[in-house]
Amino acid sequence: MSRMKFRMFRWPENPEIYQIHMVAEPEYTENDHGGYDYQDMGPMCRVISGRGVFCGSDAVEMFNALAVLLSNRTMGELYHPVWGTSNAYLTELRMEQESRPDYIAYAFT
């Protein structure tokens, strides 16, 4: 199976968990009586998240490369070998507590 990519970053191993959550939030407007009236449904948003492990001598380098992409706050192409390609922002990156220099457990959104 081919490997997942985001912008110029290619995962050495695909994440163990890959989730797609779709949500559309209701929109309300304030009425003349201080309450709120339902207006419509907002746009559908797709939130993609996952978790995995970087292993080996370059584990810290892999994690730091994703951290740089997060700090850039730039949209890019996210490719998954099963679920295809989407335009996405990296909005969250977490190092899990059981990590060590050659084994970085991570989660992303």
message = Who clusters with Y89? Use side-chain heavy atoms, under 4.5 angstrom, across I, L, V, M, F, W and Y, and order the result by chain and number.
response = M75

request  = Walk me through it: do Y38 and E27 pass the test side chain to side chain contact (heavy atoms under 4.5 Å, CB included)?
outcome  = CA-CA 6 Å; Y38 171 78; E27 295 178 339; over 6 Å; no

key: Smallest separation among heavy atoms of G42 and A24, with atom names   = O-CB, 3.8 Å

Any Y36 side-chain heavy atom under 4.5 Å of T29 side chain = no

ask   = Is there a side-chain contact between L66 and F54, using heavy atoms and a 4.5 Å cut-off?
value = yes

note = Output for pair (M95 CE, N64 CG), nearest 0.5 Å, gives 7.0 Å

ask   = Under 4.5 Å between any side-chain heavy atoms of R3 and P81, yes or no?
value = no

Value rounded to 0.5 Å, distance of CG in L78 from CG in N87 = 9.5 Å

query = Roughly how far, to the nearest 0.5 Å, is the CG atom of N31 from the CG atom of D37?
reply = 4.0 Å

query = Which residue pairs pass the salt bridge (charged side-chain N to carboxylate O under 4.0 Å, His left out) test with at least one member in residues 4-15, sequence neighbours excluded?
reply = none

inquiry  = Working note: S2 + Y79, criterion side chain to side chain contact (heavy atoms under 4.5 Å, CB included); need CA distance, chi angles, decisive distance, verdict.
reply    = CA-CA 10 Å; S2 60; Y79 167 77; 3.1 Å; yes

ask   = Hey, any chance Y28 and V23 share a hydrophobic cluster, counting ILVMFWY side chains that come within less than 4.5 Å of each other, even indirectly?
value = no

inquiry  = With rounding to the nearest 0.5 angstrom, report the CZ to CD distance, R51 to Q19.
reply    = 8.0 Å

task = Please answer: with hydrophobic residues joined when any side-chain heavy atoms are less than 4.5 Å apart, are L90 and V47 in the same cluster?
result = no

Donor-acceptor list for residues 101-109 side chains, cut-off 3.5 Å, not counting sequence neighbours:
from	atom 1	to	atom 2	distance (Å)
Y106	OH	W11	NE1	2.8
T109	OG1	E92	OE1	3.4

task = Kindly compute the distance separating CG (L69) from CG (L93), expressed to the nearest 0.5 Å.
result = 9.5 Å

Hphob cluster co-occupancy, V82 + I48, side-chain heavy atoms under 4.5 angstrom = yes

query = What residue among E16, E96, M62 forms side chain to side chain contact (heavy atoms under 4.5 Å, CB included) with V53?
reply = E16

message = Measuring from atom CZ of R46 to atom NE2 of H21, what distance do you get when rounded to the nearest 0.5 angstrom?
response = 12.5 Å

query = Do the side chains of M22 and M41 join up, straight or via other hydrophobic residues, at under 4.5 Å, putting them in one cluster?
reply = no

query = Going by heavy atoms in the side chains, are W83 and I20 under 4.5 Å from each other?
reply = yes

query = F6 and M8: same hydrophobic cluster, using ILVMFWY side-chain contacts below 4.5 Å?
reply = yes

